[in-house]
Amino acid sequence: MEITLHNTQSGQRERFEPLVPGEVSVYVCGPTVYDLQHIGNGRPAVIFDVLVRLLRLAYAKVTYVRNITDVDDKINAAALESGESIAAHTARYAAKYLEDVAELGVLPPDVEPRATGHIEPIIAMIAKLIDIGHAYEAEGHVLFHVPSDPLYGTLSKRSLEDMRDGARVEVAPYKKDPKDFVLWKPSTPELPGWDSPWGRGRPGWHIECSAMIRTHLGPVIDIHGGGSDLAFPHHENESAQSRCVNGGTPSVRYWLHNGMLTFGGAKMAKSVGNVVTIRDLLDRHGGEALRYALLSGHYRQELQWEESLTHAERSLDTLYQALRDTDDGGNDTAASYSTAGADTFPEDVLDALCADLNTPRALAAMHALAADLHRAEDDDSVRALRTALLAGGWLLGILTKSPQEHFQGMAQDATVERMIEERNAARAARDFARADEIRDDLAARGIQLEDTSDGTRWRRT
RNA sequence: GGCUGGAUGGCAGAGUGGUUAUGCAGCGGACUGCAACUCCGUUCACGCCGGUUCGAUUCCGACUCCAGCCUCCA
């Protein structure tokens with residue numbers, strides 16, 4: 001199984017090979033938890049969840065770390081406004097984030113580190129950067145000196161001159177160079193702070209990821225993922241400081257960046273005001289439909305979020321319908337294939353995912369399997385195709401429910417069953433007017449009937 | 001202004017130097033008491049202008065437009 005991935009560092013698609021044969025380390029930038037997360041924040045969670053599922057098939061050991069940023073100026077402001085303590089505020093929104101992405105079918109990472117739990121390694125890294133001449137202290141701040149790193153800018157492909165042109169930030173007077181960024185900054189008594197060689201303060205944004213990566217995965221990792229909006233300055237800075245601490249060895253071998261979700265022609269972002277929270281969407285749609293919608297575009301492309309999720313819901317119905325029509329009474333779902341061997345998984349789905357995580361092509365392959373399953377006539381073919389479809393579903397994180405649950409929900413509905421019986425009695429008596437009346441009545445209540453050779457079944461619409 | 005990426009059928013969205021993406025929707029047919037589900041068939045396409053080529057949606061160049069980043073941001 002050969003996996004190719006587009007590496008932002010090289011700007012090209014490369015064959016993936018882990019540093020240590022058979023072992024893969026993955027780090028993904030998680031959210032800053034000061035508010036509810038919107039569906040755009042859900043995209044990397046889902047994308048990299050699929051990547052990790054794929055990697056686990058190909059490699060014996062995969063360690064996946066996704067952080068939670070719980071110290072940040074926005075958090076401080078939000079907590080102040082809500083009147084609760086900063087710790088309580090972040091704990092609340094971190095919990096909500098984890099619930100949200102769980103609903104999207106995202107498996108928990110192996111480690112979910114928080115910035116506030118890693119102050120020691122952060123301070124150690126900063127001290128090292130000062131030691132080796134890449135950082136300096138000024139007025140209680142510690143800053144990374146960008147001109148000290150000749151490779152700065154190579155990840156996000158911009159020269160120092162380009163940035164000077166675009167500089168719109170107010171330059172703090174204590175900076176040696178306008179591009180220098182903060183590693184450590186002083187805190188006032190009411191703000192979160194930790195003692196350090198440079199006084200009581202808190203870490204800058206970028207250093208936390210570098211320190212957490214180093215702590216949990218070591219000085220060099222295989223894959224680092226995140227949104228394309230993080231490439232600069234966050235990842236550029238992270239890359240610079242970690243590389244310098246490593247004595248010149250890059251800390252990340254493959255940089256992966258997902259494209260932005262757009263809504264109404266612009267990037268979905270709080271500052272634009274066009275966000276839809278995951279929680280809000282979950283009130284009206286299944287998490288699985290949201291996941292399908294997120295996977296329907298290639299991760300590197302921009303994806304247009306639509307008001308209506310009908311496309312995703314109908315598409316998902318088609319896949320479930322194939323399973324429903326061939327249901328043999330067993331209880332297997334995609335979840336049954338979580339530990340299956342690589343040869344269990346359908347080749348077309350696997351190939352698509354191995355090609356830089358081409359989820360739209362993988363979904364097309366799923367639909368091809370569903371169509372084949374519908375057409376299959378002998379039991380062996382049906383069994384093989386069901387297995388293939390469900391196994392593919394596991395990789396993509398869909399088809400995790402029984403068709404019954406998907407179409408009818410968990411609740412029993414005795415009234416519906418009774419009305420179906422009554423309608424079938426009318427049909428037997430060729431009283432079609434009465435039969436249609438019952439069917440219309442059910443339709444008005446969101447119940448769609450399907451008469452099959454095995455009897456009448458129903459689904460919620 | 002600089003850098004990056006894009007422009008594909010009604011909508012979403014892959015891919016390819018010559019051959020069906022796929023899904024949703026539409027249309028015709030089969031099945032059905034009629035529907036629904038499903039199956040079969042089918043309409044609709046590659047921003048614009050040049051170039052390379054036997055042949056370009058696919059490669060090259062110009063242009064137009066769009067998005068992202070350059071500030072917190074998934």
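A, B, ... follow the sequence lines: proteins, then strands. Residue 1 opens every chain.
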Compare side-chain N and O positions of A:Ser156 against OP1 and OP2 of B:C70 and report whether any pair is under 4.0 Å apart.
-> no
Which part of the nucleic acid, if any, lies within contact of A:Gly226, taking any heavy atom under 4.0 Å across all strands shown: a base, the sugar-phosphate backbone alone, or nothing?
-> sugar-phosphate
Against the side chain of A:Asp229, the closest entry in B:C24, B:C39, B:C69 is B:C69
Pairwise C1' distance for B:A36 and B:U32, with rounding to whole Å | 9 Å
Separation between the C1' atoms of B:U42 and B:G6, rounded to whole Å | 32 Å
In whole angstrom, give the distance that lies between atom CD of A:Glu313 and atom P of B:A25.
-> 12 Å
In Watson-Crick or G-U wobble terms, both distances under 3.5 Å, what is the partner of B:U38?
-> B:A30
Taking all non-hydrogen atoms of both residues, which atom of A:Ser210 and which atom of A:Gln241 are closest, and how far apart?
-> OG-OE1, 3.0 Å
Of the non-hydrogen atoms in A:Ala115 and A:Ile122, which two are nearest, and what is the gap between them?
-> O-CD1, 4.2 Å
Earlier contact from the 5' end, RNA chain B, for A:Phe232 and A:Pro31 | A:Phe232
Less than 4.0 Å between a side-chain N and a carboxylate O, is that true for A:Glu450 and A:Arg324?
-> yes
Euclidean distance for C1', B:C59 against B:A12 (whole angstrom) | 28 Å
In Watson-Crick or G-U wobble terms, both distances under 3.5 Å, what is the partner of B:A67?
-> B:U4
Taking the same atom, P, in B:U22 and in B:C63, what whole-Å distance lies between them?
-> 37 Å
Distance between the P atoms of B:C46 and B:G10, in whole angstroms?
-> 10 Å
Would you tell me if any nitrogen or oxygen in the side chain of A:Arg375 comes within less than 4.0 Å of OP1 or OP2 on B:C40?
-> yes
Which base sits across from B:C11 as a Watson-Crick or G-U pair, both distances under 3.5 Å?
-> B:G23
Reading nucleotides 30-36 of chain B 5' to 3', which nucleotides get B (base under 4.0 Å from a protein heavy atom), which S (sugar-phosphate only), which -?
-> ---BBBB
Taking atom P of B:G23 as reference, at what distance in whole Å does atom CG of A:Leu389 sit?
-> 13 Å
Nearest atoms (heavy-atom pairs only) where A:Val252 meets A:Asp222 | CG1-O, 4.3 Å
If the C1' atom of B:A30 is compared with that of B:A7, how far apart are they to the nearest Å?
-> 40 Å
Give A:Lys157 one of three labels, base, sugar-phosphate or nothing, depending on what nucleic acid heavy atoms sit under 4.0 Å from its own.
-> sugar-phosphate
So how far is it from A:Thr359 OG1 to A:Leu294 CG, rounded to the nearest 0.5 Å?
-> 9.5 Å
Rounded off to whole Å, could you give me the NE2-to-P distance for the A:His367 and B:A25 pair?
-> 11 Å
Rounded to whole angstroms, how far apart are CG on A:Leu363 and P on B:U22?
-> 14 Å
Tell me the partner of B:C54, counting only Watson-Crick (N1-N3 plus N6-O4 or O6-N4) or G-U wobble (N1-O2 and O6-N3) with both under 3.5 Å; none if nothing fits.
-> B:G18
Aromatic A:Phe48 / basic A:Arg66 pairing, under 6.0 angstrom, 45° off normal = no
Counter-base of B:A74, judged by Watson-Crick or G-U geometry with both distances under 3.5 Å = none
Take atom P in B:A62 and the same atom in B:G55, then report the distance between them in whole Å.
-> 23 Å
Give one of base, sugar-phosphate or nothing for A:Met268, where a contact means two heavy atoms less than 4.0 Å apart.
-> base
Contact class for A:Gly265 vs. all strands (heavy atom < 4.0 Å): base, sugar-phosphate, or nothing?
-> sugar-phosphate
Using the ring of each side chain (for Trp, its six-membered ring), is A:His406 parallel, tilted or perpendicular to A:Tyr320, with breaks at 30° and 60°?
-> parallel
Sticking with atom C1', work out how far B:G15 lies from B:A45, rounded to a whole angstrom.
-> 13 Å
Whole-Å distance separating the CG atom of A:Leu256 from the P atom of B:A74 = 18 Å
Charged N-O contact under 4.0 Å between A:Asp49 and A:Arg53 | yes
Work out which heavy atom in A:Val62 is nearest to a heavy atom in A:Asp110; give both atom names and the distance.
-> O-OD2, 3.3 Å
Is there a salt bridge (Lys or Arg N to Asp or Glu O under 4.0 Å) between A:Arg423 and A:Asp451 once you walk through the steps?
-> CA-CA 11 Å; A:Arg423 171 170 169 271; A:Asp451 294 325; 2.9 Å; yes
Under 4.0 Å between any heavy atoms, over every strand shown, what does A:Arg314 touch: base, sugar-phosphate, or nothing? Just pick one.
-> sugar-phosphate
What heavy-atom pair brings A:Pro346 and A:Ala391 nearest, and what distance separates the two atoms?
-> CD-CB, 4.2 Å
Determine, for nucleotides 10-15 of chain B in 5'-to-3' order, which nucleotides have protein heavy atoms under 4.0 Å from the base (write B), from only the sugar-phosphate (write S), or from neither (write -).
-> -BSSSS
Quick one: on RNA chain B, does A:Ala365 or A:Ile39 contact a more 5' nucleotide (nearest heavy atom)?
-> A:Ala365
side-chain contact (heavy atoms from CB on, under 4.5 Å) test vs A:Leu155 passes for just one of A:Gln9, A:Arg243, A:Glu238, namely A:Gln9
A:Leu373 CG to B:C37 C1': how many Å, rounded?
-> 14 Å
Euclidean distance, atom CD of residue A:Glu238 to atom C1' of B:A74 [Å, nearest integer] | 14 Å
Once you round it to whole Å, what is the distance between P of B:A7 and CZ of A:Arg300?
-> 12 Å
Could you check which nucleotide pairs with B:G61 in any of the strands shown, counting Watson-Crick or G-U wobble with both distances under 3.5 Å?
-> B:C49
